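Note that this is a predicted model, so its numbers are computed, not measured.
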Amino acid sequence: MNRERILAPSILAADFTNLGEEIKTAVDAGAKYLHIDVMDGLYVPSISFGLPVIESIRKCTDIIFDVHLMIVKPERYLEAFKNSGADLITVHIETLEKPEETLKKIRELGAKAGLALNPETPIESVYPCLELVDMVLVMTVRPGIGGQDYIHECTPKIRALNEELTKRNLENVDIEVDGGLRLDTVDEALNAGANVIVAGSAVFEGDVHKNVTDLLRKLG
Ligand code: DX5
Ligand code: ZN
């Protein structure tokens, strides 16, 4: 089964003084999703940005907003993120008291539902929810900071997830990878079955148009 391969630049690494232009450049070069990392200083040590920023950039592009919530009790904010312009809302399995309920709620709001897991969380922990998600996000670095190195020990988790989805005829569920994806690591994730590739520093450090073009060539 060949899922569509998509590049999702993460604006965490963008130049915030020039955010609208950087987003437009990435979209013009062919990116299909915009990955938006929301951090609350509790679930992860960093604080990034939140609703007003998403509302603001929503006005400058129609690209799919892939919102990655690294926050405690994300169920408090699902409606607010949907209203701010999120198309896809991803929550961490480690933060959820009632995963099924939260994922159903995301879909009821009219967004696509994503479920993320950290490097140390076993891939089997998301298996009970696979029927309720549009995407699984396999973190390939510890969440919270951009520019880290890809953790190779996560690759077998991508492969196992891909096999499980195939076994259950859930080829419509996307497999996103996030953290340390660059020209030299992206093949490993793609070969294991990932199809949505998040890239922060690899897109926004240097020439954004060229970086997106080079990465998209890898995605084929
Ligand atoms: C990390 C974030 C990532 C981050 C990726 O917690 O979830 O989306 O921006 O950055 P790079 O691609 O630089 O590793
Ligand atoms: Zn992310």
Side-chain angles (χ1 to χ4, degrees), residues 1-14 22-37 61-68 86-90 111-117 119 123 126 130-131 133-141 143 146-220:
M1 165 70 200
N2 288 325
R3 297 175 174 90
E4 185 191 357
R5 288 177 170 177
I6 290 166
L7 182 67
S10 164
I11 58 167
L12 192 62
E22 295 227 315
I23 292 169
K24 280 183 192 153
T25 304
V27 173
D28 288 347
K32 292 268 171 63
Y33 285 7
L34 195 68
H35 187 83
I36 301 174
D37 289 302
T61 174
D62 290 332
I63 195 173
I64 291 173
F65 276 9
D66 163 25
V67 176
H68 178 191
D87 298 292
L88 203 164
I89 299 176
T90 295
K112 289 197 169 180
L115 187 59
L117 74 164
I123 192 66
V126 301
L130 292 179
E131 266 82 14
V133 298
D134 300 286
M135 187 172 84
V136 176
L137 194 181
V138 179
M139 288 299 304
T140 45
V141 298
Q148 303 179 75
D149 287 336
Y150 182 90
I151 299 174
H152 295 280
E153 287 75 14
C154 296
T155 304
K157 292 167 68 177
I158 306 168
R159 198 170 292 117
L161 173 65
N162 189 23
E163 283 167 13
E164 185 68 19
L165 290 171
T166 305
K167 203 166 82 187
R168 297 205 208 173
N169 278 322
L170 289 172
E171 279 95 355
N172 54 323
V173 175
D174 287 317
I175 302 177
E176 181 173 60
V177 283
D178 183 7
L181 277 312
R182 298 185 295 260
L183 285 176
D184 61 341
T185 50
V186 72
D187 282 339
E188 182 171 330
L190 290 170
N191 290 338
N195 70 303
V196 183
I197 306 294
V198 176
S201 43
V203 165
F204 290 107
E205 279 178 14
D207 182 333
V208 176
H209 197 280
K210 179 180 186 307
N211 290 341
V212 169
T213 307
D214 290 348
L215 283 163
L216 284 176
R217 201 170 293 129
K218 278 267 179 197
L219 267 56

Participant: Should Lys157 and Leu161 count as side-chain neighbours, where that means a heavy-atom distance under 4.5 Å?
Facilitator: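 No, side chains not in contact.
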Participant: Can you tell if the side chain of Glu171 reaches within under 4.5 Å of the side chain of Leu165, non-hydrogen atoms only?
Facilitator: no
Participant: Looking at every heavy atom in both Gly193 and Arg3, which two are closest together, and how far apart are they?
Facilitator: O-NH1, 4.2 Å
Participant: What distance separates Thr25 OG1 from Lys210 NZ, expressed to the nearest 0.5 Å?
Facilitator: 15.0 Å
Participant: Please tell me if the side chains of Asp149 and Val141 come closer than 4.5 Å, counting only heavy atoms from C-beta onward.
Facilitator: no
Participant: About how many Å separate CD1 of Ile6 and CD1 of Ile197, when rounded to the nearest 0.5 Å?
Facilitator: 10.0 Å
Participant: Step by step, work out the side-chain contact (heavy atoms from CB on, under 4.5 Å) result for Asp174 and Asp134.
Facilitator: CA-CA 6 Å; Asp174 287 317; Asp134 300 286; 6.0 Å; no
Participant: Once you round to the nearest 0.5 Å, how far does CD1 of Ile158 lie from CD of Glu188?
Facilitator: 7.5 Å
Participant: Under 3.5 Å, side chain of Asp187 to main-chain N/O of Lys218, donor-acceptor pair present?
Facilitator: no
Participant: Determine whether a donor-acceptor pair (N or O, by modelled atom type, separation under 3.5 Å) exists between the side chain of Arg5 and the backbone of Leu219.
Facilitator: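 Side chain of Arg5 to backbone of Leu219: a pair is present.
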Participant: Looking at Ala86 and Val67, what are the two nearest heavy atoms and their distance?
Facilitator: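 So the minimum-distance heavy-atom pair works out to CB-CG2, 3.5 Å.
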Participant: What I'd like to find out is whether the side chain of Thr155 reaches to under 4.5 Å of the side chain of Tyr150, using heavy atoms alone.
Facilitator: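 SC-SC contact between Thr155 and Tyr150 confirmed.
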Participant: Rounded at 0.5 Å granularity, tell me how far CG in Leu170 sits from CG in Asn162.
Facilitator: 11.5 Å
Participant: Do Lys32 and Ile64 have side chains that get closer than 4.5 Å, going by heavy atoms?
Facilitator: no
Participant: Does the side chain of Asp28 reach to within under 4.5 Å of the side chain of Val212, using non-hydrogen atoms?
Facilitator: no
Participant: Would you tell me whether His35 and Asp37 have side-chain atoms, one donor and one acceptor, within less than 3.5 Å of each other?
Facilitator: yes
Participant: Got Val136 and Leu117 here, is their nearest side-chain heavy-atom distance under 4.5 Å?
Facilitator: yes
Participant: How long is the span from the CE atom in Met139 to the CD atom in Glu176, to the nearest 0.5 Å?
Facilitator: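 If I round to the nearest 0.5 Å, the distance is 9.5 Å.
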Participant: Compare all side-chain heavy atoms of Arg168 with those of Val173 and state whether any distance is below 4.5 angstrom.
Facilitator: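 Not touching, per the 4.5 Å side-chain cut-off.
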Participant: Are Arg182 and Asp214 within salt-bridge range, i.e. N to O under 4.0 Å?
Facilitator: no
Participant: Could you tell me whether a side-chain N or O of Thr90 sits under 3.5 Å from a main-chain N or O of Leu137, the two making a donor and an acceptor?
Facilitator: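 Checked: no pair found.
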Participant: Please give me the minimum heavy-atom distance between Ala199 and Leu7, naming the atom from each residue.
Facilitator: CB-CD1, 4.3 Å
Participant: Given the rule in the side-chain contact (heavy atoms from CB on, under 4.5 Å) test, do His68 and Leu12 qualify, once you have shown the distances and angles that lead to the verdict?
Facilitator: CA-CA 11 Å; His68 178 191; Leu12 192 62; over 6 Å; no
Participant: Between atom CZ of Arg159 and atom CD1 of Ile175, what is the distance when rounded to the nearest 0.5 Å?
Facilitator: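 Between atom CZ of Arg159 and atom CD1 of Ile175 there are 11.0 Å.
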Participant: Applying side-chain contact (heavy atoms from CB on, under 4.5 Å), run through Ile11 and Ile36 and close with a yes or a no.
Facilitator: CA-CA 6 Å; Ile11 58 167; Ile36 301 174; 4.2 Å; yes
Participant: State, to 0.1 Å, how close Ala13 and Gly200 come at their nearest heavy-atom pair, and which atoms those are.
Facilitator: CB-C, 3.4 Å
Participant: Output yes when a side-chain donor or acceptor of Asn211 lies under 3.5 Å from a complementary backbone atom of Asp207, and no otherwise.
Facilitator: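 Answer holds: yes.
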Participant: If I compare all heavy atoms of Leu216 with all of Ala29, which pair ends up nearest, and what's the gap?
Facilitator: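 For Leu216 versus Ala29, the nearest heavy atoms are CD1-O, 3.3 Å.
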Participant: Kindly determine whether Ile123 and Glu164 satisfy side-chain contact (heavy atoms from CB on, under 4.5 Å), including the steps that lead there.
Facilitator: CA-CA 10 Å; Ile123 192 66; Glu164 185 68 19; over 6 Å; no
